[in-house]
Amino acid sequence: MGGNPFFPLDEMGFDTEEKQTLLIPKVDKEIYEQRRRMVGTVVDYKEMRMRYSCAIKEVRTKFDVLNSEFNVRFRRNPITSINSRLKSSSSIMEKLNRKGLAFTVENVENNLYDVAGIRVVCSYVDDIYGLAGALAKQDDITVIREKDYIKNPKPNGYRSYHMIVSVPVFFSDQTREMTVEVQIRTIAMDFWASLEHQLKYKQEVPNQREIVQRLTTCAEQIALIDEQMCQVRQQIECSEDMPSEEEILLEKLRKIDIAVGE
């Protein structure tokens with residue numbers, strides 16, 4: 001017996017951990033092992049959630065950097081807000097159950113892609129595609145799946161751009177590839193989705209079919225407004241006087257004095 005370095009050997013050659021196990025009555029050994037496995041599972045599960053939380057930080061930082069870059073290069077911030085969330089344990093269990101899978105860390109990591117989620121809200125539709133393309137081009141990002149619900153909205157009118165990406169997260173003893181679900185939408189799309197989500201969970205609503213139809217109509221109107229706002233912005237940008245080379249140089253010099261992140 002080589003022994004465990006954390007448990008010194010006693011006079012009979014058993015380390016402390018082995019000795020504690022031998023002292024347990026035979027009838028209780030099975031319960032003891034069950035509890036021991038349960039504790040190990042809980043620790044592994046907490047570590048898994050920590051890894052997903054770190055993955056969110058990695059992807060969120062990438063969007064913060066892109067927002068700062070666009071601010072300097074194009075004189076405006078494409079991102080109005082960024083929100084993130086970790087799927088709750090109950091939601092994870094429900095989704096695994098629907099797939100007919102047991103609740104294990106391995107099943108979560110191998111079968112669920114939306115445990116970690118980030119929602120990016122933009123001002124204009126073209127910003128959505130610009131940010132999605134810029135993220136996908138980064139060397140350490142692997143795009144696993146993309147769904148464009150803007151060009152192909154859901155039947156109820158839902159619009160958003162979805163990506164499942166994998167990002168390496170560096171820990172003290174290993175590097176892990178972690179998946180993150182990214183949703184990018186405009187302010188108007190986010191407004192509609194938030195209200196639709198609230199109304200969807202109202203119980204026993206009369207005239208439900210009529211309400212669904214009205215929501216779909218609202219979504220179509222919001223899409224038209226998004227398109228018109230984008231056209232207005234482009235028209236304003238095209239009507240602006242083109243700066244001279246000297247003005248461009250002075251503007252670049254001025255921006256050098258601006259603290260990063262402003």
* Within one Ile-Leu-Val-Met-Phe-Trp-Tyr cluster: Ile150 and Tyr124, side-chain cutoff 4.5 Å -> no
* To do: Report the residues that fulfil ring pair (Phe, Tyr, Trp, His ring centres under 6.0 Å) with Phe70, sequence neighbours left out, ordered by chain and then residue number.
  => Phe74
* Asked: To the nearest 0.5 Å, how far apart are CE in Met229 and CD in Gln231?
  -> 11.0 Å
* Could you pull out all residues at least two apart from Asn83 that satisfy side chain to side chain donor-acceptor pair (under 3.5 Å)? => none
* Aromatic Tyr52 / basic Lys87 pairing, under 6.0 angstrom, 45° off normal -> no
* If we only count heavy atoms from C-beta on, is the Ile118 to Lys62 side-chain gap below 4.5 Å? -> no
* Any side-chain hydrogen bond (donor to acceptor under 3.5 Å, both in side chains) pairs touching residues 162-174, not counting sequence neighbours? -> Tyr158-His162, Ser166-Glu177
* **Value rounded to 0.5 Å, distance of CD1 in Ile187 from OG in Ser81** => 7.5 Å
* Decide yes or no for Gln183 and Tyr149: does some side-chain heavy atom of the first lie under 4.5 Å from some side-chain heavy atom of the second? => no
* To do: Not counting sequence neighbours, which residues clear ring pair (Phe, Tyr, Trp, His ring centres under 6.0 Å) with Phe103? List them please.
  => Tyr45
* **Pairs where residues 47-60 contributes a residue and the test salt bridge (charged side-chain N to carboxylate O under 4.0 Å, His left out) is met, not counting sequence neighbours** => Arg51-Glu109
* Pairing residues for Glu106 by the side chain to side chain donor-acceptor pair (under 3.5 Å) criterion, not counting sequence neighbours -> none
* Does the side chain of Met189 come within less than 4.5 Å of Val125's, by heavy atoms? -> yes
* To do: Taking the side chain as every heavy atom from C-beta outward, state whether Arg159 and Ile222 have any atom pair closer than 4.5 Å.
  => no
* **Partner residues of Phe171 under the ring pair (Phe, Tyr, Trp, His ring centres under 6.0 Å) criterion, sequence neighbours left out** => none
* Would the number of heavy atoms belonging to other residues, nucleotides or ligands and lying under 6.0 Å from NZ of Lys46 be above 12? -> no
* Structure fact -> Gln221 meets the side-chain contact (heavy atoms from CB on, under 4.5 Å) criterion, sequence neighbours left out, with Thr217
* To do: Check side-chain contact (heavy atoms from CB on, under 4.5 Å) between Glu94 and all other residues, then give those that pass, not counting sequence neighbours.
  => Arg98
* Can you name the residues that form a ring pair (Phe, Tyr, Trp, His ring centres under 6.0 Å) with Phe191, not counting sequence neighbours? -> none
* Asked: Is there side-chain contact between Val59 and Met163, with heavy atoms separated by less than 4.5 Å?
  -> no
* To do: With rounding to the nearest 0.5 Å, note down the distance linking CZ in Arg176 to SG in Cys54.
  => 11.5 Å
* Common cluster, Val143/Val65, ILVMFWY with side-chain heavy-atom separation under 4.5 Å -> no
* Not counting sequence neighbours, which residues clear side chain to side chain donor-acceptor pair (under 3.5 Å) with Gln213? List them please. => none
* **With Glu181 via side chain to side chain donor-acceptor pair (under 3.5 Å) - residues at least two apart** => none
* Does the side chain of Leu215 reach to within under 4.5 Å of the side chain of Asn156, using non-hydrogen atoms? -> no
* Asked: Can you find a pair of side-chain heavy atoms, one from Phe63 and one from Asn67, that are under 4.5 Å apart?
  -> no
* Please tell me if the side chains of Lys95 and Asp114 come closer than 4.5 Å, counting only heavy atoms from C-beta onward. => yes
